[in-house]
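Computed from a predicted structure; not experimentally measured. The sequence lines fix the lettering, A, B, ..., with proteins before strands; numbering per chain opens at 1.
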There are 2 protein chains.
Amino acid sequence: MSTAARPYTNALNRLKDANLRPTRQRLALARLMFEDGHRHLTAEQLHSEAMSNSIKVSLATVYNTLHQFTDAGLLHEIVIDSGRSYFDTNTAPHYHFYCEEDGMLSDIPADAVQIEGIPSVPSGTQLQSVDLVFRLKRDSVARDAA
Amino acid sequence: MSTAARPYTNALNRLKDANLRPTRQRLALARLMFEDGHRHLTAEQLHSEAMSNSIKVSLATVYNTLHQFTDAGLLHEIVIDSGRSYFDTNTAPHYHFYCEEDGMLSDIPADAVQIEGIPSVPSGTQLQSVDLVFRLKRDSVARDAA
DNA sequence: GTGTTTGCAAAGTGTTTGCAATTTA
DNA sequence: TAAATTGCAAACACTTTGCAAACAC
């Protein structure tokens with residue numbers, strides 16, 4: 001009940017719920033991230049997108065924002081490549097395909113894969129998340145089958 | 001049949017098999033890695049270890065060596081933390097526990113966990129590896145059970 | 001001897017930080 | 001206005017690179 005058609009409202013509410021002051025930059029970034037169909041973003045990618053959309057925001061602010069969003073539970077950080085962080089707008093449990101050669105990263109729904117026999121965690125710790133990545137490589141033309 | 005008791009021989013053979021010229025540094029690093037009980041190493045860790053053992057080797061060479069060993073299949077690179085690479089001397093399939101708070105990384109044998117229902121890989125690709133990491137956090141003193 | 005490997009230090013990533021200027025409530 | 005946020009540029013951590021000297025075969 002209200003202007004549900006305006007994506008802005010959506011982003012605004014996300015920020016409010018997360019107790020993040022809805023500044024111009026945060027709002028704009030939230031809109032790009034949550035309403036532009038993108039799901040896996042690096043800071044640089046998001047920054048570029050912002051630039052393309054004439055959103056004035058510095059890379060440092062993009063980093064800050066990504067971390068604030070992650071801390072607030074709006075994003076999930078994916079560790080898939082040393083030296084580069086991906087942020088996933090899908091915070092529900094799920095898994096990934098990743099092809100290093102071309103940077104392709106795609107989702108696998110949690111219910112598509114069963115993980116059984118999770119060993120008991122070391123004492124003094126508890127399970128925080130289960131990261132499952134199927135790493136791919138592009139087919140070569142043909143390979144000897146030895 | 002030969003001096004099997006000398007760890008040196010072991011490392012030497014590994015290098016020879018991998019077609020890597022057994023230089024003083026490579027030999028020494030191989031010995032540290034494969035015969036000192038260590039399994040998960042960062043470049044800096046290995047470099048420190050080398051220093052402690054009075055092995056003169058530069059950090060650049062440690063990096064080069066780790067990559068050469070990885071390319072040769074002697075090591076497996078683990079992506080677990082953006083901005084830091086771990087190298088695993090266990091090249092057989094297996095999984096990991098990881099606790100970011102203290103950097104603890106430990107093995108889970110492949111047969112301890114079953115992964116079922118691996119979705120078919122995107123066309124034009126093939127599965128290279130399955131990375132499964134159980135991320136842990138240290139227990140807090142007590143947590144509300146809501 | 002010849003080609004490989006090493007070490008250094010410099011350059012390169014991606015990311016974080018300090019602080020003044022700006023913006024929000 | 002007071003407190004939070006931003007932008008910039010400098011600082012960072014980790015990794016790679018270029019090239020001359022050292023080494024292995």
key: Contact pattern, 5' to 3', of nucleotides 20-25 of chain D - B, S or - by protein heavy atom under 4.0 Å   = ---SBS
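- Taking only side-chain nitrogens and oxygens, B/His67 comes nearer than 4.0 Å to OP1 or OP2 of D/dT16.
- The closest donor-acceptor contact from the side chain of B/His47 to the backbone of B/Val57 lies under 3.5 Å.
- At C/dT5, none of the side-chain N or O atoms of B/Gln68 fall inside 4.0 Å of OP1 or OP2 (strictly under the cut-off).
- If you check every strand for non-hydrogen atoms under 4.0 Å, B/Ser82 touches nothing.
- Here the P atom of nucleotide D/dC14 and the CG atom of B/Leu66 are 14 Å apart, to the nearest Å.
- Set against D/dT15, C/dC8, D/dG7, the side chain of B/Tyr63 has D/dT15 as its closest nucleotide.
- Applying the 6.0 Å contact sphere to CD of B/Gln68 captures more than 12 heavy atoms from other residues, nucleotides or ligands.
- A donor atom on one side chain and an acceptor atom on the other are found under 3.5 Å apart for B/Asp88 and B/His96.
- No engagement by B/Thr42 is indicated, since no non-hydrogen atom pair under 4.0 Å with the nucleic acid exists.
- Between A/Tyr63 and A/His67, the ring planes are tilted. Angles from 30° to 60° get that label.
- Rounded to a whole Å, the CG atom of B/Asp71 is 13 Å from the P atom of C/dT5.
- If you take CG of A/Leu15 and P of D/dA4, they are 17 Å apart, rounded to a whole angstrom.
- Ion pair A/Arg14/A/Asp17 not flagged as a salt bridge, since none of the NZ, NE, NH1 or NH2 atoms sits closer than 4.0 Å to an Asp/Glu carboxylate oxygen.
- The distance between atom CD of A/Glu77 and atom P of C/dG14, rounded to the nearest whole Å, is 15 Å.
- When each of D/dT17, D/dT6, C/dT6 is scored by its nearest atom to the side-chain atoms of A/Arg26, the top-ranked nucleotide is D/dT6.
- Residue B/Leu29 contributes atom CG, which lies 12 Å from atom C1' of C/dT6 at whole-angstrom precision.
- Counting only heavy atoms from C-beta outward, the side chains of B/Leu74 and B/Met33 never approach each other to under 4.5 Å.
- Distance CG (B/Asn64) to P (D/dG18): 12 Å, rounded to an integer number of Å.
- Annotation: of the two residues near DNA chain D, A/Val57 and B/Tyr86, the 5′-most nearest-nucleotide partner is A/Val57.
- The side chain of A/Thr61 places no N or O atom within less than 4.0 Å of a non-bridging phosphate oxygen (OP1 or OP2) of D/dT6.
- Between B/Pro22 and B/Leu27, the closest heavy-atom pair is O-CD2, 3.7 Å.
- Looking only at distances, a side-chain donor or acceptor of A/His94 sits under 3.5 Å from a matching main-chain atom of A/Ala92.
- Residue-level contact check: B/His47 touches neither bases nor backbone, having no heavy atom under 4.0 Å from any strand.
- Contact check for A/Arg135 versus B/Val79: side-chain heavy atoms found under the 4.5 Å cut-off.
- Scanning DNA chain D for stems, defined as runs of 3 or more consecutive Watson-Crick or G-U wobble pairs whose donor-acceptor distances all fall under 3.5 Å, gives the following ranges: C:1-25 with D:1-25.
- A donor-acceptor contact closer than 3.5 angstrom is absent between the side chains of A/Thr61 and A/Gln25.
- Rounded to an integer number of Å, the gap from B/Glu44 CD to D/dT15 C1' is 10 Å.
- One atom, CD of B/Gln25, and another, P of C/dT6, lie 5 Å apart when rounded to the nearest Å.
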